[in-house]
Amino acid sequence: MSRKQMALATLVQPNGNHLAAWLAPEAQPDAGTDIAWWQRMAQIAERGKFDLFFIADTPTVRTDNMKIWSHAPTFMNQLEPLTMLSAVAGATSRIGLGATASTSFNEPYNVARYFASLDHISHGRSAWNVVTSANDYAAKNYGHAKLAPHSERYERAEEFVDVVKQLWDCWEPDAFIYDREQKLTFDPAKFHIVDHQGKHFRVNGGLNIAPVPQGHPVIIQAGASDTGRELAAKTAEVVFGTSATIKGAVEFYKDLKGRMAKYGRHPDELKIMGGITVIVGDTQEEAEERNRQYMELLHPAVGVMRLGQDLETDLSDLPLDEPVPEDRIPATSNHHQAYFAEIAGLIREGLTLRQVAMRYNRSKATFCGSPTQVADVMQEWVEAGACDGFMVTFPVMPTCLADFVDKVVPELQRRGLFREEYTGTTLREHLGLSKPVNRNLAAATRTAAE
């Protein structure tokens with residue numbers, strides 16, 4: 001029986017995505033700046049035929065609570081992702097390479113050029129995760145007291161993406177001809193100046209690089225708010241889902257894909273990848289024991305501080321082993337809407353502060369089990385219409401990633417749910433996404449037809 005093929009991506013941080021990953025016996029504490037480590041992780045994921053190797057990023061250091069952060073150096077001492085992925089591209093040949101770049105603290109030209117360069121270097125494997133940034137530390141790094149309001153950041157992001165796409169399209173696909181006889185490197189008639197005069201950006205010029213192999217790098221987005229969903233429905237080609245339950249994931253999937261028609265887009269033009277954390281063992285008991293061991297490595301102060309940051313209120317004055325009062329939940333959030341909702345929900349369950357800190361997983365479902373059990377759950381989510389695939393995080397790397405590649409991937413392949421070999425060379429081909437038509441070439445074609 002023919003089954004829907006799922007997409008697989010992995011979000012990678014040094015040593016793994018658990019806050020205490022660097023303390024695991026198999027960890028390499030200085031992995032963040034060791035390019036060989038990143039290359040090895042990408043090669044393991046490519047061995048598992050993953051679609052995408054993805055790097056999250058934040059353009060800042062958390063400048064307060066440094067003593068607490070010293071116990072869990074998240075986003076500390078980590079290579080700039082575009083530079084790092086350019087080196088990873090040379091150590092891999094098929095896996096997609098994605099990274100975060102903020103629309104709040106960049107200019108469209110820079111982002112257009114960075115990702116166009118990566119697409120050329122990787123021969124068509126790049127992806128840009130469009131984020132508006134979600135902490136005031138980043139704002140302060142760029143001369144602002146705090147983040148702009150949520151709605152304003154998304155308004156800027158929408159215009160930002162439009163300008164980037166204009167820049168990617170400023171040269172027609174066959175503009176660079178390298179005609180020795182005429183001594184011409186490019187056909188001037190196939191360059192179209194970008195003249196954008198908008199609320200947030202004014203651009204008059206063009207990108208100084210040829211059109212990329214994919215037409216456009218793949219656009220990723222992860223906004224869970226209503227505003228974020230609208231931006232995704234209009235612009236995104238991959239969305240990272242944020243629901244920790246299959247019911248919530250189905251609702252998100254239907255809602256987001258249902259918004260696309262008003263922008264003239266078909267639901268198949270967008271792949272929704274559920275966010276999950278996976279720990280594989282030979283048995284469920286073994287996997288759960290590994291998860292417990294990882295959690296025991298976490299310094300309690302780190303868990304409480306992360307809760308306070310994502311909830312936007314300090315909880316450090318509360319006793320660890322008493323329930324968190326519901327009146328400590330703020331009325332609204334200007335940061336990550338999904339994270340805020342998850343923490344508020346855990347507090348309303350009546351859990352103690354320690355329990356909330358231990359259970360909070362930043363809106364990701366955690367699958368602990370045998371290879372068969374993990375494959376069962378993944379199959380259930382895809383067949384229920386909860387997602388088109390998964391953005392998988394692994395608590396400790398390379399151990400958890402290698403276990404997944406060696407044990408779960410073969411089970412998914414046996415069931416006909418995942419590829420056995422890459423059939424294309426670009427990320428778009430892996431994901432079944434069409435190559436965008438250059439807007440200037442399309443306009444010229446329409447004019448000729450008229």
Side-chain angles (χ1 to χ4, degrees), residues 8-32 34 37-38 40-41 44-45 48 54-56 62 68-78 242 244-245 274-310 320-321 339 342-343 346 351-371 373-375 377-378 390-409:
L8 286 180
T10 181
L11 188 160
V12 183
Q13 292 182 0
N15 291 304
N17 288 71
H18 196 282
L19 285 170
W22 72 280
L23 291 168
E26 62 267 48
Q28 179 184 327
D30 66 346
D34 181 359
W37 185 90
W38 293 98
R40 287 196 302 273
M41 298 309 106
I44 294 171
F54 175 72
I55 310 301
R62 296 169 173 86
I68 298 176
W69 278 121
S70 69
H71 297 295
T74 305
F75 293 116
M76 298 286 194
N77 195 30
Q78 183 170 325
T242 58
T245 68
I276 61 172
T277 297
V278 173
I279 302 174
V280 184
D282 290 335
T283 65
Q284 183 175 356
E285 292 72 24
E286 179 185 316
E288 289 177 347
E289 174 60 18
R290 290 176 67 182
N291 186 42
R292 186 189 64 77
Q293 291 173 356
Y294 296 149
M295 293 305 297
E296 286 184 348
L297 295 173
L298 181 65
H299 195 291
V302 175
V304 172
M305 182 179 64
R306 184 177 66 159
L307 288 175
Q309 289 181 332
D310 288 349
L320 275 172
D321 295 308
Y339 299 168
E342 182 183 353
I343 298 170
L346 291 171
L351 301 178
T352 67
L353 181 59
R354 188 191 302 273
Q355 289 170 329
V356 174
M358 295 285 280
R359 284 181 51 180
Y360 176 47
N361 198 35
R362 285 199 156 189
S363 300
K364 293 185 182 71
T366 299
F367 298 170
C368 294
S370 68
Q373 289 172 316
V374 172
V377 178
M378 295 176 74
F390 298 91
M391 168 58 75
V392 190
T393 58
F394 299 101
V396 175
M397 297 182 74
T399 311
C400 295
L401 169 62
D403 286 345
F404 184 91
V405 167
D406 294 335
K407 298 176 181 179
V408 177
V409 167

*Asks:* Which heavy-atom pair separates Pro300 from Arg354 by the least distance, and what is that distance?
*Replies:* CG-NH1, 4.4 Å
*Asks:* Please assess Asp403 against Val408 for the test side chain to side chain contact (heavy atoms under 4.5 Å, CB included), listing each intermediate value before the final yes or no.
*Replies:* CA-CA 7 Å; Asp403 286 345; Val408 177; over 6 Å; no
*Asks:* Is Glu296 paired with Arg292 through a side-chain N to carboxylate O contact shorter than 4.0 Å?
*Replies:* yes
*Asks:* In Å, rounded to the nearest 0.5 Å, how long is the span from CD1 of Ile276 to OG1 of Thr366?
*Replies:* 9.5 Å
*Asks:* Please check if the side chain of Trp22 supplies one atom and the backbone of Pro14 the other of a donor-acceptor pair under 3.5 Å.
*Replies:* no
*Asks:* Return yes if some donor-acceptor pair links the side-chain N/O of Gln355 with the main-chain N/O of Thr352 below 3.5 Å, else return no.
*Replies:* yes
*Asks:* Among Arg306, Met305, His299, which one satisfies side chain to side chain contact (heavy atoms under 4.5 Å, CB included) with Leu19?
*Replies:* Arg306
*Asks:* Is the ring pair Phe390/Phe367 parallel, tilted or perpendicular, if the boundaries are 30 and 60 degrees?
*Replies:* perpendicular
*Asks:* Out of curiosity, Asp321 CG to Leu353 CG, how far, rounded to the nearest 0.5 Å?
*Replies:* 8.5 Å
*Asks:* Does either side chain, that of Asp30 or that of Gln28, offer a donor lying less than 3.5 Å from an acceptor on the other one?
*Replies:* yes
*Asks:* Give the minimum heavy-atom separation between Gly281 and Ala287, together with the two atoms involved.
*Replies:* N-CB, 3.7 Å
*Asks:* If you look at every heavy atom in Cys400 and Val278, which pair is closest and at what distance?
*Replies:* CB-O, 4.3 Å
*Asks:* Within the 4.5 Å heavy-atom criterion, are Ile44 and Phe404 side-chain neighbours or not?
*Replies:* no
*Asks:* For the residue pair Glu26 and Thr399, confirm or rule out a side-chain donor-acceptor distance under 3.5 Å.
*Replies:* yes
*Asks:* Is there side-chain contact between Trp38 and Val12, with heavy atoms separated by less than 4.5 Å?
*Replies:* yes
*Asks:* Counting C-beta onward and ignoring hydrogens, is there a side-chain heavy-atom pair between Thr10 and Phe394 closer than 4.5 Å?
*Replies:* yes
*Asks:* Locate the shortest heavy-atom distance separating Ala27 from Ala21; write the atom from each residue and the value.
*Replies:* CB-O, 3.3 Å
*Asks:* Please assess Tyr294 against Ile279 for the test side chain to side chain contact (heavy atoms under 4.5 Å, CB included), listing each intermediate value before the final yes or no.
*Replies:* CA-CA 10 Å; Tyr294 296 149; Ile279 302 174; 4.1 Å; yes
*Asks:* Taking C-beta and beyond as the side chain, do Cys368 and Arg290 meet within less than 4.5 Å on heavy atoms?
*Replies:* no
*Asks:* Could you grab the distance from atom CG of Asp310 to atom CD of Glu342, nearest 0.5 Å is fine?
*Replies:* 9.0 Å
*Asks:* Check step by step if side chain to side chain contact (heavy atoms under 4.5 Å, CB included) holds for Val392 and Leu8.
*Replies:* CA-CA 7 Å; Val392 190; Leu8 286 180; 4.2 Å; yes
*Asks:* Classify the side-chain pair Thr393/Thr277 by whether it contains a donor and acceptor separated by less than 3.5 Å.
*Replies:* yes
*Asks:* Any idea which heavy atoms bring Val374 and Gly369 closest together, and the distance?
*Replies:* CG2-O, 3.9 Å
*Asks:* Using side-chain heavy atoms (C-beta onward) and a distance below 4.5 Å, is Gln13 in contact with Met397?
*Replies:* no
*Asks:* Take Gln284 and Ser370 through the side chain to side chain contact (heavy atoms under 4.5 Å, CB included) test and state the conclusion after the steps.
*Replies:* CA-CA 5 Å; Gln284 183 175 356; Ser370 68; 5.9 Å; no
